[in-house]
A.B. asks: 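Starting off with a structure, shown below.
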Amino acid sequence: FGNVLYLDWEDNGNECAARLRRLLGETFDNPFTNQERFLYRRMSGRLETQVDGIKQIVRERHIKLVIIDSIGYAAGGDLTSAEVAIHFSDLLHQLGDVVTLCIGHAPQAQGRDGPRQEFGSQFFRAGTRNAWEVRANQEEGQHVMYQALYHRKSNTGPRQKPVGVKLEFDPENSLAEWVTLTGTTIDQNPTLIAGGTAPVKVTAALIQGQMTLAEIVEVTGLKAGTVKSELSRGLKAGRYVIVDPSAKATTWMLKPSEP
């Protein structure tokens, strides 16, 4: 096992420590210089101007995970440029034998349906081994937030199913000092379903009950061809079943769970 180095261009040590306390219920000092496993560094300017110092920290403190928050500030320059993206990837390789977790931001203009791409050149995504998209949904005035993690890319194996997370903030504390984090499903949350792939959307539709192809298309917003392909694959995989094969309009449902 190794240690973690958090490189933060967007916030400060006090806020980062507060978030860790809320999630983990432990006391973290700022700026984490006395922490054995988790090191924090407030960043300013491009990563390339400080990479030698970061490499020294990685060596001396046995760092195995480096968190970059976020790509835009760390890379700098014209993020739509392939040259900038490739240079940024090269800087990460210079850090040594570490895993890098890089956080990017997707433009809101991309909409709510389907996968989103982080802002900038496609070479930022091309240089990653694994890519996850995070979406959140929280109603105004509510003390509960739902998040979904979608596995968009994997160079090391099959992509994982979406992961749902429920965060409950303490309603008695205006500063939300405590957060309860539990796993959940995304099937009942329209905002999170919208970011899912065809299997996610079709499954969420059929959770509501039996449906025809036309009804699934209407509920999911997917093209008929996409739904047909998913139903065919899901039938072979045992996810869906046909209610009455002899009926004029084929009706679909989720395969019942084994008792």
A.B. asks: Among Arg135, Lys161, Gln160, exactly one meets side-chain contact (heavy atoms from CB on, under 4.5 Å) together with Tyr150. Which residue is that?
C.D. replies: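 So, applying the side-chain contact (heavy atoms from CB on, under 4.5 Å) to Tyr150 and each of Arg135, Lys161, Gln160, only Arg135 qualifies.
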A.B. asks: At what distance, to the nearest 0.5 angstrom, does CG of Asp11 lie from CG of Asp69?
C.D. replies: 8.0 Å
A.B. asks: Using a 6.0 Å cut-off, check whether atom CD of Glu83 has over 12 heavy atoms from anything other than its own residue.
C.D. replies: no
A.B. asks: Can you hop from Ile207 to Ile242 via hydrophobic side chains spaced under 4.5 Å?
C.D. replies: yes
A.B. asks: Out of curiosity, does Val243 fall in the hydrophobic cluster containing Val219 (side-chain heavy atoms, cut-off under 4.5 Å, transitive links)?
C.D. replies: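 Per the 4.5 Å side-chain linkage, Val219 and Val243 are not co-clustered.
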A.B. asks: Determine yes or no for a side-chain-to-main-chain donor-acceptor pair under 3.5 angstrom, with Tyr240 supplying the side chain and Gly234 the backbone.
C.D. replies: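 Such a contact is absent between Tyr240 side chain and Gly234 backbone.
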A.B. asks: May I ask you to decide if Ile54's main-chain N or O and Arg59's side chain share a donor-acceptor pair within less than 3.5 Å?
C.D. replies: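 Here the side-chain-to-backbone pair does not exist.
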A.B. asks: Report the C-alpha distance between Thr100 and Val98 in whole Å, list the side-chain angles of each, state the deciding distance to 0.1 Å, and finish with yes or no for side-chain contact (heavy atoms from CB on, under 4.5 Å).
C.D. replies: CA-CA 6 Å; Thr100 54; Val98 297; 4.2 Å; yes
A.B. asks: Can you give me the closest heavy-atom contact between Trp252 and Leu213, atom names plus distance?
C.D. replies: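 Heavy atoms of Trp252 and Leu213 come nearest at CD1-N, 4.4 Å.
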A.B. asks: Is the side chain of His151 donor-acceptor paired with the backbone N or O of Lys153 at a distance under 3.5 Å, no angle test?
C.D. replies: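 Looks like yes, one N/O pair under 3.5 Å.
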A.B. asks: Do Ile71 and Phe123 sit in the same hydrophobic cluster, where Ile, Leu, Val, Met, Phe, Trp and Tyr count as joined when their side-chain heavy atoms come under 4.5 Å apart?
C.D. replies: no
A.B. asks: Which distance, rounded to the nearest 0.5 Å, do you find between the OG1 of Thr250 and the CG of Leu231?
C.D. replies: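 Here the interatomic distance stands at 9.5 Å.
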A.B. asks: Are Val134 and Val165 grouped together when hydrophobic residues (ILVMFWY) are joined by side-chain heavy atoms under 4.5 angstrom apart?
C.D. replies: yes
A.B. asks: Could you list the residues that satisfy ring pair (Phe, Tyr, Trp, His ring centres under 6.0 Å) with His105, not counting sequence neighbours?
C.D. replies: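 Partners of His105 under the ring pair (Phe, Tyr, Trp, His ring centres under 6.0 Å) test: none.
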A.B. asks: Start with the C-alpha distance between Glu10 and Ile103, add both sets of side-chain angles, then the distance that settles side-chain contact (heavy atoms from CB on, under 4.5 Å), and finish with yes or no.
C.D. replies: CA-CA 11 Å; Glu10 296 203 5; Ile103 301 171; over 6 Å; no
A.B. asks: Using every non-hydrogen atom in the two residues, find where Met145 and Ala136 come nearest and quote the distance to one decimal.
C.D. replies: SD-CB, 4.1 Å
A.B. asks: With rounding to the nearest 0.5 angstrom, report the OH to CE distance, Tyr73 to Met43.
C.D. replies: 14.0 Å
A.B. asks: Check whether the side chains of Gln94 and Asp90 place a donor and an acceptor atom closer than 3.5 Å, and report yes or no.
C.D. replies: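 Note: Gln94 and Asp90 side chains meet the donor-acceptor criterion.
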A.B. asks: Quick one about Thr251 and Gln210 (side-chain donor to acceptor, distance below 3.5 Å, no hydrogens or angles considered), yes or no?
C.D. replies: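 Side chains of Gln210 and Thr251: no pair found under 3.5 Å.
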A.B. asks: Starting from the C-alpha separation in whole Å, work towards a yes-or-no answer on side-chain contact (heavy atoms from CB on, under 4.5 Å) for Arg37 and Asn3.
C.D. replies: CA-CA 5 Å; Arg37 300 298 305 278; Asn3 300 325; 2.9 Å; yes
A.B. asks: I need the full list of salt bridge (charged side-chain N to carboxylate O under 4.0 Å, His left out) pairs touching residues 217-230, with sequence neighbours left out, sorted by first then second residue.
C.D. replies: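 Of all non-adjacent pairs touching residues 217-230, those that pass salt bridge (charged side-chain N to carboxylate O under 4.0 Å, His left out) are Glu230-Arg233, Glu230-Arg239.
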A.B. asks: So which heavy atom on Ala75 is nearest to which on Arg46, and how close?
C.D. replies: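 Result for this residue pair: O-CD, 3.7 Å.
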A.B. asks: What closest approach, in Å, do Val217 and Leu222 show between heavy atoms, and which atom pair accounts for it?
C.D. replies: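 Minimum heavy-atom contact is CG1-O, 3.2 Å.
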A.B. asks: Check for a donor-acceptor pair, side chain of Thr203 on one end and backbone N or O of Val200 on the other, with a separation under 3.5 Å.
C.D. replies: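 Checked: no pair found.
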A.B. asks: Rounded to the nearest 0.5 Å, how far apart are CG of Leu101 and OG1 of Thr128?
C.D. replies: 11.5 Å
A.B. asks: State, yes or no, whether a side-chain contact exists between Leu5 and Arg61 at a heavy-atom distance under 4.5 Å.
C.D. replies: no
A.B. asks: For a 4.5 angstrom cut-off between non-hydrogen side-chain atoms, does Lys55 reach Asp52?
C.D. replies: yes
A.B. asks: Roughly how far apart are Asn14 CG and Asn12 CG, rounded to 0.5 Å?
C.D. replies: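 Going from the CG atom of Asn14 to the CG atom of Asn12 covers 5.5 Å.
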A.B. asks: In terms of hydrophobic clusters joined by side-chain contacts under 4.5 Å, are Ile216 and Leu235 together?
C.D. replies: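 In one cluster with Ile216: Leu235, yes.
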A.B. asks: Search all heavy atoms of Cys102 against all heavy atoms of Leu92 and return the closest pair with its distance.
C.D. replies: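 So the two residues come closest at SG-CD1, 3.7 Å.
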A.B. asks: State the CZ-CD1 distance between Arg41 and Ile67, to the nearest 0.5 angstrom.
C.D. replies: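 One finds 15.5 Å between CZ of Arg41 and CD1 of Ile67.
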A.B. asks: Testing the basics here: between Ile68 and Phe88, what is the closest heavy-atom pair and its distance to 0.1 Å?
C.D. replies: CG2-CZ, 4.3 Å
A.B. asks: Please determine whether side-chain contact (heavy atoms from CB on, under 4.5 Å) holds for the pair Met253 and Leu206, giving the CA-CA distance in whole Å, both sets of side-chain angles, and the decisive distance to 0.1 Å.
C.D. replies: CA-CA 6 Å; Met253 64 179 287; Leu206 292 178; 5.6 Å; no
A.B. asks: Evaluate the side-chain proximity of Lys64 to Asp97: yes if any heavy-atom separation is below 4.5 Å, no if none is.
C.D. replies: yes
A.B. asks: Go through the structure and list residues passing side chain to side chain contact (heavy atoms under 4.5 Å, CB included) with Ala214, not counting sequence neighbours.
C.D. replies: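 Scan of Ala214 (side chain to side chain contact (heavy atoms under 4.5 Å, CB included), adjacent residues dropped) gives Thr212.
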